[in-house]
Every structure is written in C-alpha cells, then in structure tokens.
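Here is the structure we will look at, set down as structure tokens.
Sequence lines set the chain letters: A, B, ... in the order given, protein chains first and strands last, and positions in each chain run from 1. Computed from heavy atoms alone, side chains included, the values below leave out hydrogens, waters and symmetry copies.
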There are 2 protein chains.
Amino acid sequence: MSDATTTTTRLRDELRRRGQRVTPQRLAINAVVESLGRRHVTVDEVFALASDRVPGISLPTVYATLDLLEDVGLLRRVATEGGAAVFDTRTDAHHHVACRRCGAIVDIDATVDSAELLRAAESMGFIPDDTQVVVRGVCAVCAATPRAA
Amino acid sequence: MSDATTTTTRLRDELRRRGQRVTPQRLAINAVVESLGRRHVTVDEVFALASDRVPGISLPTVYATLDLLEDVGLLRRVATEGGAAVFDTRTDAHHHVACRRCGAIVDIDATVDSAELLRAAESMGFIPDDTQVVVRGVCAVCAATPRAA
DNA sequence: CTGGATGCAAACTCTTTGCATGCAT
DNA sequence: ATGCATGCAAAGAGTTTGCATCCAG
C-alpha cells in the first residue's frame, strides 16, 4: 500500500464527508504533494508540477486546494513571516530554523515541551491544532559569507 | 528615567556605532513604538502615528526603520504566515497564539524549553537569535460563533 | 439537474526599488 | 563637504475576488 493511495483515500473520504467535490484538480494537486516526499514547497512550485498533470489548471485553484489540504491535515503551513507562502509536506510534529539573510527554511527534529504553553492557550478558550517553533538567525552558509546580503 | 529615554539612547548609540545617521524620522518611529506600550503593531499603524510626529514621513521610511529597529533589537517580528507584517513591541521571550478564523494574535506567557532545539540548530552551524512558538487554532470568540467565517 | 469547483482576468494589498533632494556628520 | 537617509512614485510580488462555464454527485 503506497502512501499515495492512502492520502488519496483520505482526501476522497474527507471531501465526501464534507459534501465537497472530488475533482481531478484536487486529486492531482494532492498527488503532486505526495510525490514530493517530505519537503517544503511554494505555491508556484505546486502550480508548475500540477500543470503537468492537469494542463490548464489555474493558480487560484492551486491556492484554494492547498488551503483545503492544510485544512484536511495533509499539509502544514510554515510560519514564515511575510513573503511567499511555504507549505510543508511533513505533517508530523517538527520545527523550523529560518535564515534572516538567505531565507532558507530547514527542518529541526527536536522535542519541545509545549505542554505549559498549550495549557495557557486552552485556559483562554483557545482550541489549538498546530504548534510550531520558529528559530530565526543566520545559517552556516551565510555566516561564512563575509558580510554581503 | 523613562523607558523612552532609555531606548532613544540605545538607538542613538547603536546608530553611531554602525556609522548610520540619527534622523528625526528614526527617532520619531522609535518614540511611536515606545509610546504604544507592549503590544502588536502593523506597518500602517506605525505610519499613521509617525505621521503625526513627522508630517510627510513616507511609508518606505517606516518599513526601513522598522527593519532597523528589529535589527537593533528594539522590536520583534511576529512569525505570522503571510499577510501584513506584524511587529511586537515586547522584545522579551514570549510566544503567540494565532486564530485561523479571525487572524487575532495573542501573547502567551509560558516557559518553553527550547534547549534541545537550539542545540540541534547550532549543531548545523546555525546562529540563532530569536526563538518563538506559534500556536495556531481557533480563538474563544470564533469558537463561539456558529460556523461563519 | 443543481450547486459547488474551475478558469480566466482583473483587482488588491503589501512591500520594495530607483532616483533626485536634503540633512546629519 | 560627503554620502547616507528620505520622499515620492512607480513597479513588483503574491494573493484574492468576480463571474461565466463546467462537471461531479
């Protein structure tokens, strides 16, 4: 059983459950996301790859579908601040380091105890569904670069 | 000794140290940030308030100066994902909860042990300078709202 | 059939850039 | 005097919206 089958099924079921349509575009975008393995993707990237599978697919559809996949839980939006949206095909708990100079975003696998944080959030009536840590700084490559931007 | 005097001095000293200019615009924007107390601000908000102090100040100058204040450490950029930039006048360690529906961003004061995370980042050559946790979910107000957007 | 999804294009928001002027140093 | 910072305006990037058409259910 491939993951592709698994997530396609998950998407199908979830759409039916919501009374939404299972369209070729949605399945194609999910297939693209699936095919990428575990990494970060931009909207443009998905658009380009989805265009190969469904010629004529439009950018607004890609935006809408990525939002949908995030909502379903098949995709996670990375908390970068500003700039282009970045989605993460890894939906399991992990965190990110972002370079202030080159903008690179790299996964960090480390456990962070956010129990107290979540308790605090919940105590104010918040219903959390995603917790991610963003570490900002300068990456190794940029740090090695004299002082250019 | 007011905080205003303190941060104005910090800004002045830092600018001199860098060989950059101490301009009325920079001081005014810093004064605006100072006057707001501890809260979140958008670029437009700062622009409007700074315009009262320095009529004719321009938006590009506000952008540049907010970046400068962030660099100096007098301001922190909130890791929202996409949309308008949000700056935090609180520069001490704390975290945020962001509502997916209304976009509200609220401070969370809770300790999070990010030692392992920082070690992992540093082990890959990263030089971290800011760590913030973003909890996404639905706020109390939106959760109470039937199902509208 | 019927309504939600799509494609297209345009609009919109936020942010950055280029250049001439001005002012801090 | 010197050149960085500013103001203005325009461009640029990313995202969203409106509407007619189309197709999944």
Side-chain angles (χ1 to χ4, degrees), chain A residues 8 11-30 32 40-48 50-51 53-72 75 77-87 100-101 103 105 149, chain B residues 8 11-30 32 40-48 50-51 53-72 75 77-87 100-101 103 147 149:
Chain A
T8 297
L11 180 56
R12 281 198 134 94
D13 292 350
E14 186 60 25
L15 286 171
R16 287 218 183 88
R17 202 182 62 70
R18 300 174 177 211
Q20 289 184 293
R21 294 190 190 163
V22 177
T23 66
Q25 290 87 348
R26 287 173 170 172
L27 294 176
I29 290 171
N30 181 57
V32 164
H40 304 141
V41 272
T42 61
V43 176
D44 284 337
E45 232 171 328
V46 173
F47 176 56
S51 294
R53 300 183 183 234
V54 182
I57 196 171
S58 70
L59 204 42
T61 297
V62 175
Y63 274 98
T65 305
L66 291 179
D67 282 347
L68 171 69
L69 293 183
E70 186 198 3
D71 204 50
V72 171
L75 218 44
R77 197 181 285 255
V78 180
T80 61
E81 86 292 308
V86 175
F87 289 88
R100 290 185 189 276
R101 295 210 195 144
I105 298 171
Chain B
T8 297
L11 179 56
R12 281 199 134 93
D13 292 349
E14 186 60 24
L15 286 171
R16 289 219 181 87
R17 200 183 64 70
R18 301 176 176 210
Q20 289 184 289
R21 294 190 187 161
V22 177
T23 65
Q25 289 87 348
R26 287 174 170 172
L27 294 176
I29 290 172
N30 181 57
V32 164
H40 303 143
V41 272
T42 62
V43 177
D44 283 337
E45 231 173 327
V46 174
F47 176 57
S51 294
R53 300 183 184 235
V54 182
I57 196 171
S58 70
L59 202 44
T61 297
V62 175
Y63 273 98
T65 305
L66 291 179
D67 282 347
L68 172 69
L69 293 183
E70 185 198 4
D71 204 49
V72 172
L75 217 45
R77 198 181 283 256
V78 181
T80 60
E81 85 294 306
V86 175
F87 288 89
R100 290 185 188 274
R101 296 210 195 144
R147 62 175 53 222

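If you measure from atom CZ of A:Arg17 to atom P of C:dG4, you get 17 Å, rounded to the nearest angstrom. Straight-line distance from the CZ atom of B:Phe47 to the C1' atom of C:dC14: 13 Å, rounded to whole Å. Going from atom CG of B:Leu68 over to atom P of D:dA5 covers 9 Å, rounded to whole Å. One can place CD of B:Glu45 at 12 Å from P of C:dC14, the figure rounded to the nearest angstrom. What separates CD of B:Gln25 from P of C:dG22 is a distance of 14 Å, to the nearest Å.
For B:Gln20, counting side-chain heavy atoms from C-beta on, the closest listed nucleotide (C:dA5, D:dA5, C:dC8) is D:dA5. Closest to the side chain of B:Arg26, out of C:dA5, D:dG7, D:dA5, is D:dA5. When the nucleotides C:dA24, C:dG7, D:dC8 are ranked by their closest atom to the side chain of B:Val22, C:dA24 comes out on top. Among the nucleotides D:dG7, C:dA24, D:dT6, the one closest to the side chain of B:Thr23 is D:dT6.
Put simply, the side chain of A:Asp71 does not reach to within 4.5 Å of the side chain of B:Arg100, judged on heavy atoms. Considering only heavy atoms from C-beta on, A:Thr65 stays 4.5 Å or farther from A:Thr23 through its side chain. Looking at heavy atoms from C-beta onward, B:Ile29 lies out of side-chain contact with B:Leu68 at the 4.5 angstrom threshold. In this structure, A:Leu69 and A:Arg26 have side chains that are not in contact, with every pair of non-hydrogen atoms separated by 4.5 Å or more.
Screening residues 55-67 of chain A for salt bridge (charged side-chain N to carboxylate O under 4.0 Å, His left out), with sequence neighbours left out, gives A:Asp67-A:Arg77.
Among the atoms of the strands shown, only primed sugar atoms or phosphate atoms (P, OP1, OP2) are found under 4.0 Å from some heavy atom of B:Gly56. Nucleic acid contact for A:Arg16: none, since no nucleic acid atom lies under 4.0 Å from a heavy atom of the residue.
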For nucleotides 10-23 of chain D, give me one character per nucleotide, 5' to 3': B if any protein heavy atom sits under 4.0 Å from the base, S if the only such contacts are to the sugar-phosphate, - if neither. ----SBBB-----B
Should A:Arg53 and A:Leu27 be marked as a side-chain contact (heavy atoms from CB on, under 4.5 Å) after you check the CA-CA gap, both sets of side-chain angles, and the distance that decides it? CA-CA 10 Å; A:Arg53 300 183 183 234; A:Leu27 294 176; over 6 Å; no
